[in-house]
Amino acid sequence: LFHNLGALVDGEQAEVERLPRLGILQFAKEDFRAIGEPDPVLGQARKLIEKMIKDKKPVLGICLGAQLIATALGAKVYPNSNGREVGWKPLELSMNGIMDPLFKDFPNYTKVLHWHGDTFDLPKGAVHLASTEKTQNQAFRYGKNVYALQFHLEATQAMVQEWVEADEKYVREAGEEPQQIAEEAFE
């Protein structure tokens with residue numbers, strides 16, 4: 001599982017190892033529009049995701065990884081008109097999310113970590129799984145093997161602490177308190 005771009009595959013370890021470790025801080029920079037700018041690394045990652053989807057390999061994308069999956073499936077990624085979503089916010093599962101094999105035992109309205117300013121359109125043929133007050137498309141499934149999560153289930157307490165310390169300005173500009181986000185990681 002790659003941070004912000006996850007891929008689970010059998011038999012293609014060399015290709016998967018070429019996927020970048022796309023960190024949250026790279027994505028959070030104001031001058032970096034992850035999908036809108038021509039970026040050779042992101043382009044390579046998107047092409048590999050397209051190939052894995054075509055080959056029906058399991059793919060999991062988290063945050064930027066979810067956005068790359070959306071673009072690989074032909075959807076648009078753009079700045080969220082509701083602003084940045086940063087911190088612990090409740091995730092509302094759709095009816096499809098409640099019945100989905102991955103989320104069926106996941107409690108509805110559980111607070112999950114958000115750290116994004118962009119959102120994406122739901123790709124054609126994708127199943128909408130979850131939303132929040134600020135972001136309609138928080139999770140989707142494509143087929144049985146592709147999941148895209150705009151939020152961070154993988155974040156550990158140490159990761160959250162590192163993110164709020166390293167990106168305090170981003171957090172404050174989103175109207176959130178870094179220390180509160182860090183403390184909520186321990187709840």
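We number each residue from 1, following the sequence as shown.
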For a quick test of your reading: what N or O donor-acceptor pairs under 3.5 Å do the side chains of residues 105-113 make, sequence neighbours left out?
{"residue": "N108", "atom": "OD1", "partner": "L93", "partner atom": "N", "Å": "2.6"}
{"residue": "Y109", "atom": "OH", "partner": "E92", "partner atom": "OE2", "Å": "3.2"}
{"residue": "T110", "atom": "OG1", "partner": "P107", "partner atom": "O", "Å": "2.6"}

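- Nearest heavy atoms, Y147 versus P101: OH-CD, 4.2 Å.
- Summarising the geometry of G97 relative to F103, their closest heavy-atom pair is O-CB, 3.3 Å, with the distance given to 0.1 Å.
- Looking only at side-chain heavy atoms (C-beta outward), L149 and Q138 stay at 4.5 Å or farther from each other.
- Here the side chains of I53 and Y142 are in contact, with some heavy-atom distance below 4.5 Å.
- Minimum interatomic distance between N137 and F120 (heavy atoms only, all atoms of both residues): ND2-O, 2.9 Å.
- For the pair R46 and E50, the salt-bridge criterion is met [side-chain N within less than 4.0 Å of a carboxylate O].
- Looking at Q150 and Q67, their side chains come closer than 4.5 Å, going by heavy atoms from C-beta outward.
- Residues in residues 139-148 take part in these salt bridge (charged side-chain N to carboxylate O under 4.0 Å, His left out) pairs, two or more places apart or across chains: D100-R141.
- The distance from the OG1 atom of T119 to the CZ atom of R84 is 15.0 Å, given to the nearest 0.5 Å.
- Residues Y170 and W163 have side chains not in contact (no heavy-atom distance under 4.5 Å, counting atoms from C-beta outward).
- Using a 4.5 Å heavy-atom threshold, the side chains of Q157 and Q161 count as separate.
- Contact of the K104 side chain with the I98 side chain is not registered, since no non-hydrogen atoms from C-beta on lie closer than 4.5 Å.
- At a cut-off of 3.5 Å, with distance as the only test, a side-chain donor of T135 or N80 sits close to an acceptor on the other residue.
- Between the CG atom of L129 and the CE atom of M95 there is a distance of 13.0 Å, given to the nearest 0.5 Å.
- Evaluation of the salt bridge (Lys or Arg N to Asp or Glu O under 4.0 Å) rule for K76 yields no partner, not counting sequence neighbours.
- Minimum interatomic distance between K57 and N145 (heavy atoms only, all atoms of both residues): O-ND2, 2.7 Å.
- Formation of a donor-acceptor pair under 3.5 Å by the H152 side chain with backbone atoms of E154 is not found in this model.
- Considering only heavy atoms from C-beta on, V160 comes within 4.5 Å of W88 through its side chain.
- Nearest heavy-atom pair, L68 versus A45, reported as atom, atom and distance to 0.1 Å: CD1-CB, 4.3 Å.
- Checked against side-chain contact (heavy atoms from CB on, under 4.5 Å), E168 has the following partners two or more places apart in sequence or in another chain: R172, P178.
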Only distances under 3.5 Å count here; give the side-chain donor-acceptor pairs of residues 121-128 to other protein atoms, sequence neighbours excluded, each with its distance to 0.1 Å.
{"residue": "D121", "atom": "OD1", "partner": "Y78", "partner atom": "OH", "Å": "2.7"}
{"residue": "H128", "atom": "NE2", "partner": "A130", "partner atom": "O", "Å": "3.1"}
{"residue": "H128", "atom": "NE2", "partner": "Q136", "partner atom": "O", "Å": "2.7"}
{"residue": "H128", "atom": "NE2", "partner": "Q136", "partner atom": "NE2", "Å": "3.4"}

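- Residues meeting the side chain to side chain donor-acceptor pair (under 3.5 Å) test with K89, sequence neighbours left out: E176.
- Between I62 and F151, the closest side-chain pair of non-hydrogen atoms is not below 4.5 Å.
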